[in-house]
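Both counts, for ligands and for their atoms, begin at 1 and track the order of listing.
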Amino acid sequence: MSESVETRPSSQVPPHELPASLRDAGLANWIREPLDDAVDRRRRIIMPPAAATMGTPASAYQAALLAEGQQPDAIFMMGDNPALAKMPERPALKDFYLLRFGPIPRTHLLQSARVARENGLDEKVIMACLLHDIAIAGLLSANHGYWGAQLVAPYVAAEIAWAIEKHEALRYFPDESVGYRYPEAYIGYFGAGYHPPDYIRREHEAARRHRWYMTSRLITINDIYSFDPDVVVDFDEFEDVVGRNFRQPAEGLGFDGSPVAHMWRTMIWPNNFL
Ligand SMILES: [Fe+2]
Ligand SMILES: [Fe+2]
């Protein structure tokens, strides 16, 4: 793993005088104690986003967290969360991989890109493999192909963004002509009888007829699941590919005023109250 993971501050927070309801629910980690050298001694309350808690027991604690945030010694989290590595002022793609993405999705993306390179595939396919699940890594899992495509669209060739979007639907449908089978892993994830919804079926059928079909299909072929923690792939292996295929904005991702800048800022400061 990269050195940034080891140097990341501990997320362990000593329990404060929490209301019992929050403590019993294990919500202590949503409340940041001030660090010893913090100028501002107030606690920072993290309100988890609706998309992460809807339909889960955690949604029941919204009112309690809201009340906690209004205590005189507390404010809501805005800006840098000390539990996360500080991002540079002008973050580049690599900073998100090293300072924000967890080891499992990061390794998955880097390994997929490495396999694509070993298979001698075109650079745009290697780049698409490197990016294909970044929404899972840093933003949202549901509809991840679509979120991921939007995140990168201003910075990559249209074909790469298209391929990332469509890989989500193509994963469910075999293509024997290129040796792609329904993933074993999906049987474990969703059960043997799972049928993708109609909108995914329609997406697959339309993608099949598109001139860029094979670019997206190649993502699914190189979309290997290997979560071996001993396998280390360095992001710098792809520095050349990224340099030629990802237009890093000079102002940094999140600050270039693009239509998706807010999505990158959400990954920089994922715990902001607003
Ligand atoms: Fe995916
Ligand atoms: Fe994947």
Are there over 12 heavy-atom neighbours, none belonging to Glu239, within less than 6.0 Å of that residue's CD? no
Positive for side chain to side chain contact (heavy atoms under 4.5 Å, CB included) with Tyr194, one of Tyr189, Tyr172, Tyr186: Tyr172
Under 2.8 Å from the Fe ion (ligand 1), which protein N/O/S atoms are there? Asp133 OD1, His144 NE2, His167 NE2
Does atom CD of Gln71 have more than 12 heavy-atom neighbours from other groups under 6.0 Å away? yes
A quick test of your reading: do over 12 heavy atoms of other residues, nucleotides or ligands sit less than 6.0 Å from CZ of Arg90? no
Just wondering, more than 12 heavy atoms not from Glu176 lying within 6.0 Å of its CD? yes
Do Glu68 and Arg43 pass the salt bridge (charged side-chain N to carboxylate O under 4.0 Å, His left out) test, and can you show the C-alpha distance, the side-chain angles, and the key distance before you say yes or no? CA-CA 10 Å; Glu68 194 61 18; Arg43 294 177 297 134; 2.8 Å; yes
